[in-house]
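For the single chain, residues carry numbers from 1 onward in sequence order.
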Amino acid sequence: MSRPTPLRDVHESLGATLTDFAGWLMPLRYGSESAEHNAVRTAAGLFDLSHMGEIFVTGPQAGQALDYALVGHLSALVPGRARYTMIVNERGGVLDDLIVYRLGDEEFMVVANASNYEKVAAELADRAKPYDAAVEDRSDRYALIAVQGPRAQEILATLTDADLAGLKYYAGLPGVVDGRQALIARTGYTGEDGFELFVANEDAVPLWHALTRAGEPYGLRPAGLSSRDTLRLEAGMPLYGNELGPDLTPFDAGLGRVVKFDKPGDFVGRSALEAVKDTPPRRRLVGLVARGRRVPRHGYPVTKDGAVVGEVTSGAPSQTLGKPIAMAYVDTGAGEGLAVDIRGSHEAMDLVELPFYRRNK
């Protein structure tokens, strides 16, 4: 049985197509996926992300505990800032990619993917045992609503006196939105500017309605998982289970920059990651743009001269580029002349640098 978010009735009233995602009943689309995608690129989209996990790490040594548990240098964060990081196993394989917010001197919030947050909470609790720090999974208490797009700040500014203009990317601040307490974070998963609002479950429905009313003059639309996936794909953002997994290190995914070897002390997976940091990975993550109209999908083989040299991790039609696109792991030595085997037909692909899309700031 899929678990509903606090906004289930709202999604049903809007005629959303609901689907199971990581054990949650989530809106796939409300109507046209392309219209939702384009709204985020040109105006704004409204997303229910309440399936994400919120794990709190608190105490005098909370920062040191996270430094040991994760690959990033979290104790160096100043309150009010956030950082993208990962939790890995002893072999350096990625267990999840995370965003960590420092809420205070002794309080951090770790946001984990829906499919992994229970595992992440258990790992954090185990790894924090030697430290004066407490780990508590508070995911059941929070709803998460995102407003993403070039007009997101204008829309949200009609509902809050918080200093949105002064809020930097990957930063958060407590504020009141439409009379309700929220953590307002300038983060997102679309490649656009935008905000994620962490609120109490009981405030989710009234806040959604308030944002809908405020956003109507600006072209805001509710947006589902389908458009969120095509938006993040265009922005070259990895999805756990596709571009990331326990058999892949951050270096395999081209994200070695998140591993901070210069932080004090040991951390889980350090020795394994140090052993591979200067070695080119066997396969690298690349972008592919189809020359034709057929769409490369997850799991399709990437070929060169008829031989398999890789595999597609994510693929979809790009509304912004007007062509099918994909991310794929391919052999490090493989260059131009790539194709994707789509049901027996080897469709020619152009190799491009990621991301496919970068917004004008």
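A side-chain donor-acceptor contact under 3.5 Å links E36 to the backbone of G31. T160 contributes no side-chain N or O that, together with a main-chain N or O of A157, makes up a donor-acceptor pair within less than 3.5 Å. Between the K263 side chain and the G72 main chain, a donor and an acceptor come within less than 3.5 Å of each other. Remark: side-chain polar atoms of T332 are paired, donor with acceptor, to backbone N or O of R282 under 3.5 angstrom. The backbone N or O of S75 sits less than 3.5 Å from a side-chain atom of D67, completing a donor-acceptor pair. Side-chain atoms of R81 come within 3.5 Å of backbone atoms of Y170 as a donor-acceptor pair (strictly under, hydrogens ignored).
Rounding to the nearest 0.5 angstrom, the gap separating the OG atom in S115 from the CG atom in N113 is 5.5 Å.
A cation-pi arrangement, defined by a distance under 6.0 Å to the six-membered ring centre and an angle within 45 degrees of its axis, is absent between R141 and F198. Note that R138 lies in the cation-pi zone of F56, set by a 6.0 Å cut-off to the ring centre and a 45° limit from the axis.
When each of Q153, Q148, R186, R359 is checked for a side chain to side chain donor-acceptor pair (under 3.5 Å) with D193, only R186 meets the rule.
Below 30°, between 30° and 60°, or above 60°: for H51 and W24 the angle between ring planes is above 60°, a perpendicular geometry.
In this model, no donor atom of one side chain and acceptor atom of the other lie less than 3.5 Å apart for E106 and T58. Inspection of the D97 and Y84 side chains reveals an N or O donor paired with an N or O acceptor under 3.5 Å. Counting only N and O atoms by type, the side chains of S314 and H298 include no donor and acceptor under 3.5 Å apart.
Between E243 and R232 there is a salt bridge, since at least one side-chain N of the basic residue sits less than 4.0 Å from a carboxylate O of the acidic one.
Side-chain contact between M327 and L354: present, with at least one pair of heavy atoms (C-beta onward) separated by less than 4.5 Å. Contact of the L273 side chain with the F261 side chain is registered, since non-hydrogen atoms from C-beta on lie closer than 4.5 Å. Under the 4.5 Å side-chain criterion, counting only non-hydrogen atoms from C-beta, E54 is not in contact with Y101. Inter-residue side-chain proximity for L95 and N116 is flagged as unmet; no heavy-atom pair is nearer than 4.5 Å. Annotation: side chain of V147 is in contact with side chain of L220 (closest heavy-atom distance under 4.5 Å). Two residues are said to be in side-chain contact when any heavy atoms from C-beta on lie closer than 4.5 Å; V259 and R257 fail this criterion. Looking at heavy atoms from C-beta onward, L70 lies in side-chain contact with L124 at the 4.5 angstrom threshold.
The neighbour count for D266 CG, taken as heavy atoms of other residues, nucleotides or ligands under 6.0 Å away, is above 12. K119 NZ: more than 12 foreign heavy atoms inside a 6.0 Å radius. A 6.0 Å sphere centred on CD of E12 holds more than 12 heavy atoms belonging to other residues, nucleotides or ligands.
Under the salt bridge (Lys or Arg N to Asp or Glu O under 4.0 Å) criterion, the residue pairs touching residues 333-357 are R291-D350, R294-E347, with sequence neighbours excluded.
Across all non-hydrogen atoms, the minimal contact from S227 to H37 is CB-N, 3.8 Å.
Ring-centre distance between F47 and Y189: not below the 6.0 Å cut-off.
Note: the hydrophobic cluster containing L25 does not contain V205 (ILVMFWY, side chain heavy atoms under 4.5 Å, direct or indirect links). Linking ILVMFWY side-chain heavy atoms closer than 4.5 Å, directly or via other members, places L49 and Y142 in a single hydrophobic cluster.
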Could you give me the CA-CA distance, side-chain angles and deciding distance for R3 and D20, then say whether salt bridge (Lys or Arg N to Asp or Glu O under 4.0 Å) is met?
CA-CA 8 Å; R3 179 180 176 184; D20 177 84; over 6 Å; no

Give the C-alpha distance, both sets of side-chain angles, the deciding distance and a yes or no for side chain to side chain donor-acceptor pair (under 3.5 Å) between S34 and S32.
CA-CA 5 Å; S34 60; S32 165; 3.0 Å; yes

Taking it one step at a time, do E196 and T187 satisfy side chain to side chain donor-acceptor pair (under 3.5 Å)?
CA-CA 6 Å; E196 296 183 320; T187 46; 2.7 Å; yes

